[in-house]
Structures are given as structure tokens and as C-alpha cells.
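Throughout, a chain's letter reflects where its sequence line sits, starting with A, and its residues are numbered from 1.
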Protein chains: 2
Amino acid sequence: MTLRHADRIADALEELIFTGQFDDGDRLDEISLANHFGVSRTPIREALQRLVASGIAEQLPRRGVFVRQPGPVELMEMFETMAEIEAVCGRLAARRISEDALSDLEQSNARCRDAVAKGDSDAYYRENERFHHTIYAQSGNSYLASQAQRLHRRLQPFRRLQLRLRGRMAQSMAEHEDIVEALTAGNDERAATALRDHVGIQGEKFRHLMTELRTAAQ
Amino acid sequence: MTLRHADRIADALEELIFTGQFDDGDRLDEISLANHFGVSRTPIREALQRLVASGIAEQLPRRGVFVRQPGPVELMEMFETMAEIEAVCGRLAARRISEDALSDLEQSNARCRDAVAKGDSDAYYRENERFHHTIYAQSGNSYLASQAQRLHRRLQPFRRLQLRLRGRMAQSMAEHEDIVEALTAGNDERAATALRDHVGIQGEKFRHLMTELRTAAQ
DNA sequence: GTCAACATTTTTGTATACAATATGGATGTT
DNA sequence: AACATCCATATTGTATACAAAAATGTTGAC
């Protein structure tokens with residue numbers, strides 16, 4: 001039970017930024033934040049450093065720290081990168097995955113299917129996380145897995161959004177089954193392609209949502 | 001001209017750790033470092049935070065910050081990840097690379113050839129950096145490129161080591177030419193494979209060096 | 001001699017004080 | 001009125017002071 005204020009505050013700020021409480025370019029004022037969290041500037045500054053290190057905010061020397069929400073272009077780049085990294089995980093996992101992990105994946109998929117039937121997008125989301133996390137781990141490369149996890153987490157809020165699109169859950173479901181088939185067969189190229197496409201489609205759907213939002217705003 | 005002590009110190013510490021001035025598990029004592037750099041603990045702490053964020057050091061709450069040199073296993077994982085990420089960059093670059101960048105690559109290779117002839121490993125190293133950096137950039141995905149650059153930088157000291165192996169520069173040279181050919185032909189799978197193997201061999205050579213060192217030590 | 005409980009000392013984490021720099025506005029000039 | 005200059009203010013960056021927790025050393029019992 002670590003009672004470090006800096007860590008707690010960093011998590012809280014990250015959450016606030018991810019949930020859109022701050023816009024791109026907003027300055028993260030140390031004094032207001034210190035008052036808000038009831039601490040001094042010191043732990044606030046440490047928390048801000050962490051945000052800067054993880055790319056969520058930007059620091060201009062002697063000017064302050066500003067939130068840096070990714071724009072459409074960077075988001076698409078991040079989705080593309082995620083697709084390629086997942087493909088890599090899949091390629092490696094196809095050759096290294098354990099029997100236990102394979103049945104874990106099948107179990108996750110079964111639970112996903114239930115969630116689709118019930119229209120329970122939260123449950124679907126939870127099992128989906130588990131599914132992907134298992135594949136990362138089964139790449140047999142814990143460094144790669146940690147990087148994948150990191151980007152996955154960064155894209156989490158956006159990934160989640162596109163799941164709300166009509167029919168997307170069922171489609172995603174089918175893609176998952178393709179992936180498991182390829183992994184079971186030990187077909188590395190097919191696993192890579194299936195995962196790349198799966199995440200690539202997520203990016204496409206997300207882009208669609210964004211352009212829709214933009215035209216709606218006009 | 002940023003005069004932030006914290007930034008300068010973080011860079012200095014990173015350099016010290018990369019050049020092996022600290023062993024794995026060494027505690028980075030705030031007070032000694034403060035005396036060493038002639039500043040107070042505050043900028044030291046900020047610098048340490050940055051090291052922790054980039055994975056060079058580890059923080060145990062209320063215990064301190066400890067340097068974390070990657071062991072053999074993690075190093076091989078990082079090389080494998082680098083190989084796969086470079087492969088991805090190559091695959092994307094094969095479809096997106098500009099004529100200008102292609103001639104840049106050829107020029108880098110020509111300079112590399114000169115360096116090999118002269119046995120100038122520093123010059124070779126410099127042009128090699130340029131070569132890979134160009135490919136990252138030509139992936140057309142600046143997020144991916146920045147991640148590739150980041151890992152490349154992390155592996156830099158180890159990459160450099162294996163270049164000293166007999167005949168390695170000439171071999172690496174030939175691999176570079178394969179890569180340029182594939183990119184010129186726009187053959188994405190071949191470019192990916194060539195880059196994956198190129199970096200994969202670096203990992204192999206490095207592993208060889210390590211086991212040699214270990215047996216020599218016994 | 002070993003081990004446990006307590007006191008002392010270090011060290012981390014946080015608060016506050018101070019220094020240095022950037023920002024915004026008032027003032028004066030053209 | 002537009003613009004430059006200078007000053008007051010606000011904010012960041014650093015130093016120091018204090019609080020809390022861990023590491024260490026000492027003492028005493030068995």
C-alpha cells in the first residue's frame with residue numbers, strides 16, 4: 001500500500017485527461033492542481049513529469065506543462081502501430097503459445113459470445129482485454145508484451161468508443177475466432193494478418209466515427 | 001538554451017549508466033548525486049523520475065531508485081522486438097518511401113562501403129544510424145518512427161559492440177544492400193524479412209559476444 | 001552466541017521559501 | 001493609433017526545512 005501522493009495524482013490526472021476533462025493545449029497549472037488535490041506543488045510536479053514522460057502532456061521549459069491530446073493524424077498512426085505490434089505478437093505467439101493459453105483464448109471468446117448475445121458491451125470489453133493481453137503474453141517476449149500493453153492502454157478510450165458501433169461487436173467476435181484458429185494451427189503469417197486486420201478495422205471504424213462527429217459539428 | 005538542471009542531469013546519468021559506470025542494482029543516492037552535480041535534491045529527484053519512466057532505473061517506494069541494467073534475457077527480448085519493429089517500418093516504407101529517401105539510403109550505403117574499406121568503424125556506425133533512421137521516417141508513421149528511434153537508442157551501446165566482431169561490418173553492409181533492393185522494388189514482405197534478419201543477426205552476434213565474455217570470466 | 005525489542009540514524013517524501021524567468025499591462029514616443 | 005520599453009506580477013525551477021518511514025546499531029534476555 002504505497003501512499004505516495006505523486007503516484008496517486010499522476011493516475012488521477014491521466015484519468016481526467018483520458019476521459020476528456022482537459023482539452024488539447026490546456027495548461028496544467030501547478031498551483032490550482034495543488035489546491036485541488038490538497039497537497040503542495042512538489043508531488044504535483046512529480047506527477048506532471050510522469051505525464052510528460054508518457055507523452056500525455058508536453059513541457060515547455062519555463063512555460064509550463066500542457067496537455068497533448070492526439071489529433072486525428074496521430075491517432076491513426078497509433079492505431080496503425082498497434083495493428084502492426086499486435087501482428088508481431090500474433091506471429092511470435094503462433095509458434096510459442098501454450099495449450100493452456102489456447103484454451104484461455106477459447107474461453108474468453110465463449111464469454112465474448114455470451115456478451116454479444118446479451119448485448120452487454122461492458123462484459124464484452126472486459127473479455128476482449130483479456131483476449132488481447134493473453135496474446136501479448138504468449139508472444140514469449142515480455143518486453144514486447146509490455147510495450148504492446150502500454151500502447152493498448154493508451155488507445156483504450158478510443159478502442160472502446162468504436163465498439164458501440166452497430167454490429168461491431170459481432171464482427172469483432174468473428175475476427176477473434178479467426179485469430180484463435182490461426183494460433184491453434186500454428187500458422188504464424190495468418191495469425192499476424194488476422195490480428196493486423198482486426199486492429200486495423202478498429203482504426204477504420206474509429207476514423208469513421210471521427211469524420212461523422214466532425215460533419216455533425218458543422 | 002534551456003538551463004534546466006534536471007534535464008542536463010538526467011542526460012548525464014543516462015550516459016553514465018549506458019557506459020557501464022553503474023552496475024545493476026546500484027542505488028542512486030540522492031544526496032551523493034546532489035553533491036556530485038552541485039545542486040540540491042530537487043533537480044536530482046526530477047532526473048531520477050525520468051530515468052524510471054524510461055525504464056533505465058526502478059523505483060521502490062520509500063526505498064529509493066536503483067539502476068536496472070537489462071540482463072541477457074531481457075536484452076535478447078529487446079533485440080527481437082527491435083527486429084520486428086524494424087521489419088514493420090520496412091514493410092510500410094516499401095509502399096511509401098520517396099525517391100529522395102531511396103537515394104539517401106543508397107548514398108548512406110556508399111559511405112558505409114567506404115568506411116568498411118578503410119576499416120573506419122566510427123564512420124560506419126554514423127552512416128548506419130542514418131540508414132536506419134531514414135527507414136523509420138519513411139514508414140510514413142511518425143509515431144511508429146519515434147518508438148523505433150527510442151528502442152534503437154536504448155540498444156545503441158549493445159549494437160555498437162557487435163560491430164567490432166571480425167567481418168561483421170562487411171556482412172552488415174551486404175544486408176543493407178538487400179534491404180535497399182527490396183525497398184526499391186517496393187516488395188514489402190521482402191523488405192520486412194531483410195530488416196528482421198538484419199537486426200536479428202545483430203542480436204545473435206551480441207549473444208555470442210556475451211556467452212564468450214561469460215566463459216572468459218570463468 | 002542468537003535473537004528480539006528498542007532507540008538512533010538515514011533516507012525518502014512533502015511542504016515551504018527563495019531565485020530566475022516569462023507574461024501582461026501601463027507608459028511614453030512617434 | 002500603433003508600437004516599443006519598462007515595470008509589476010505570476011509562474012516555473014531550485015534550495016531548504018520538516019515529517020514519516022525504513023535501515024541500522026545497541027542492549028538485554030534466553
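Of the candidates A:H132, A:H133, A:Q147, A:E129, A:E129 is the only one forming a side chain to side chain donor-acceptor pair (under 3.5 Å) with A:H152.
Atoms CG (A:L28) and P (D:dT11) sit 14 Å apart, rounded to a whole Å. D:dA22 atom P lies 15 Å from atom CZ of B:R27, rounded to whole Å. As rounded to whole Å, 14 Å separates atom P of D:dA15 from atom CG of B:L33. Distance A:L60 CG to C:dT21 C1': 14 Å, rounded to the nearest Å. Across the protein-nucleic acid pair, A:E30 atom CD and D:dA10 atom C1' stand 12 Å apart, rounded to whole Å. Look at CD on A:E58: it is 15 Å from P on D:dT12, rounded to the nearest Å. In this structure, A:R4 places its CZ atom 13 Å from C1' of C:dT11, rounding to the nearest Å. Atom CG of B:D29 and atom C1' of C:dT12 are 10 Å apart (whole Å).
A heavy atom lying under 4.0 Å from DNA chain D marks none of the residues of residues 8-15 of chain A. Within residues 38-52 of chain A, the residues approached by DNA chain C to less than 4.0 Å at the level of any non-hydrogen atom are A:V39, A:S40, A:R41, A:T42, A:P43, in residue-number order.
Centroid-to-centroid, the aromatic rings of A:F131 and A:H176 come within less than 6.0 Å.
The shortest distance between the side-chain N/O atoms of A:R62 and the OP1/OP2 oxygens of C:dT23 is not below 4.0 Å. Distances shown here put every side-chain N or O of B:Q59 at or beyond 4.0 Å from the OP1 or OP2 atom of C:dT11. Considering only side-chain N and O atoms, A:R63 lies nowhere under 4.0 angstrom from the phosphate OP1 or OP2 of C:dA22.
Within 6.0 Å of CZ in B:R164 there are 12 or fewer heavy atoms belonging to other residues, nucleotides or ligands. Within a 6.0 Å sphere centred on CZ of B:R154, heavy atoms belonging to other residues, nucleotides or ligands number more than 12.
Ion pairing between a basic and an acidic side chain is recognised when a charged N comes within 4.0 Å of a carboxylate O; B:D120 and B:R126 show no such pairing. The pair A:R96-A:D188 does not count as a salt bridge, with every side-chain nitrogen at least 4.0 angstrom from each carboxylate oxygen. Salt-bridge check for A:R50 with A:E14: failed, with every basic side-chain N at 4.0 Å or more from each acidic carboxylate O.
In this model, a donor atom of one side chain and an acceptor atom of the other lie less than 3.5 Å apart for B:S172 and B:Y124. Between the side chains of B:H198 and B:E86, not a single donor N or O lies within less than 3.5 Å of an accepting N or O.
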